[in-house]
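Notes to accompany the following structure.
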Amino acid sequence: MKIGIIGRPQAGKSTLFQLLTNHHAGFGNKIQVAVGKVPDPRIETLIELHNPRKVTYAAIDFLDLPGFLPGQNANGFLQSVSDVDALVLVVRAFESDTVASYNGIQPYADFNDIQQELLVADWSLLETRLERIAKQRMKNPQAAEELGLLEKCQAVLEQDLPLRQLELDEEEEKSLRTYDFLTRKPLIVAVNLDEEQMRSGSYPQKEELEAELSRLDLPLITVSAQIENEINELDEEDARLFMEELGLSDTGISRLARTVYQHLGLMSFFTVGEKEVRAWTIKTGTRAQQAAGKIHSDIERGFIRAEVISYEDLLVCGNVQAAKEKGRFRLEGKDYIVQDGDIVTFRFNV
Ligand SMILES: Nc1nc2c(ncn2[C@@H]2O[C@H](COP(=O)(O)OP(=O)(O)O)[C@@H](O)[C@H]2O)c(=O)[nH]1
Ligand SMILES: [Mg+2]
């Protein structure tokens, strides 16, 4: 999974990128890519239970993008990242005498402006497509169907709403994906706060921003990218105390990862053993045989059954063997819908 970090210059994108990936973002306009490990307390417990030689967390690729400016062609700007699965839009709320602000401290206005620019980009993309299709209509029987779909998009954009708002069936969803509309991509807004705002829980334009995001059904998280980077440098006990004092119950990456998973309908199952404890990311509703394919196509092809213990049952029983003895162990077929936290062993034959 790939997530692009966008926003105005000096919003704190690179600082957030560093927080998420522990990777120092360079200067300049180069796009940087690094992996962020998805924290999961369940893995910590599985490590204690199995003492594995290797641990693999779920991971998200983050892209640190150059600051986005008004008047810039959003489509051109984001073309290089059209394959991202979601966007995180960083808006600045933090006050600073030393860091010049792009346009004052107005997170709601920043969100709105950028959203408008993305809508304009989708408009122009839509117009190009419509023209092309109008020309093809005589020759191409599929064009009529596509035209219908694009007209649905048009109706949404005409109301100044993002294409995310459009409800589509699976078939339409698939054909729309090839267009790479920007406002169709899942979007998470991250407001970057300073220490004072983190403590007080208030920042400029908070009410407007919250109201607008809830109207659009978009998730909002607050981070304090710089402070949380500083916390990362502390030893565990000091970090815990500092976070407690700030009223932070969880790290920035935990909060963001949780929001991403929820919003994109993702979940994790685990494989465990002495060799490796590992988290695997799947879409909610994935069948056991498909889930096996995450690990290896051979396991999917030669799938016989899945041996499943729920995470809670494993905790209660202490280990896999005990769970088996207590009958907290299930044999599931290929159509079993894998559940969040399932500990799975696949039996297969190739
Ligand atoms: N005071 C303060 N400075 C911050 C905060 N977050 C980022 N900065 C600083 O703001 C400047 C711009 O941040 P950067 O992450 O490079 O912004 P980008 O242009 O969006 O990538 C840097 O000097 C950061 O150290 C914050 O929460 N408080
Ligand atoms: Mg930057």
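Heavy atoms only: backbone and side chains are in, while hydrogens, waters and symmetry mates are out. Remember, it's 1-based here, ligands and their atoms both numbered in the order they're listed. Keep in mind it's a predicted model, so treat the numbers as computed, not measured.
- Here Glu131 does not pair with Lys135 in a salt bridge; the nearest charged N to carboxylate O distance is not below 4.0 Å.
- Metal site remark for the Mg ion (ligand 2): Thr15 contributes no N, O or S atom at a distance under 2.8 Å.
- For the pair Arg199 and Glu245, the minimum side-chain heavy-atom distance is below 4.5 Å.
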Which side-chain N or O atoms in residues 103-111 pair as donor and acceptor under 3.5 Å with protein atoms at least two apart or in another chain?
unit_1 : atom_1 : unit_2 : atom_2 : d
Gln106 : NE2    : Asn103 : O      : 2.8
Tyr108 : OH     : Asn112 : ND2    : 3.1

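- Phe94 carries Arg92 over the face of its six-membered ring, with the cationic atom under 6.0 Å from the centre and within 45° of the normal.
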Which pairs would a plain distance check flag for residues 37-51, meaning a side-chain donor or acceptor within less than 3.5 Å of a matching protein atom at least two apart in sequence or in another chain?
unit_1 : atom_1 : unit_2 : atom_2 : d
Asp40  : OD1    : Arg42  : N      : 2.9
Asp40  : OD1    : Arg42  : NE     : 3.1
Asp40  : OD2    : Arg42  : NE     : 3.4
Asp40  : OD2    : Arg42  : NH2    : 3.0
Arg42  : NH1    : Asp340 : OD2    : 3.3
Glu44  : OE2    : Tyr57  : OH     : 2.7
Thr45  : OG1    : Pro41  : O      : 3.3
Thr45  : OG1    : Tyr311 : OH     : 3.2
His50  : ND1    : Leu46  : O      : 3.1

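- Cluster partners of Val120 are absent, since no Ile, Leu, Val, Met, Phe, Trp or Tyr has side-chain heavy atoms less than 4.5 Å from it.
- Listed by chain and number, residues touching ligand 1 at under 4.0 Å (heavy atoms only) are Arg8, Pro9, Gln10, Ala11, Gly12, Lys13, Ser14, Thr15, Phe94, Ser96, Val99, Asn192, Leu193, Gln226.
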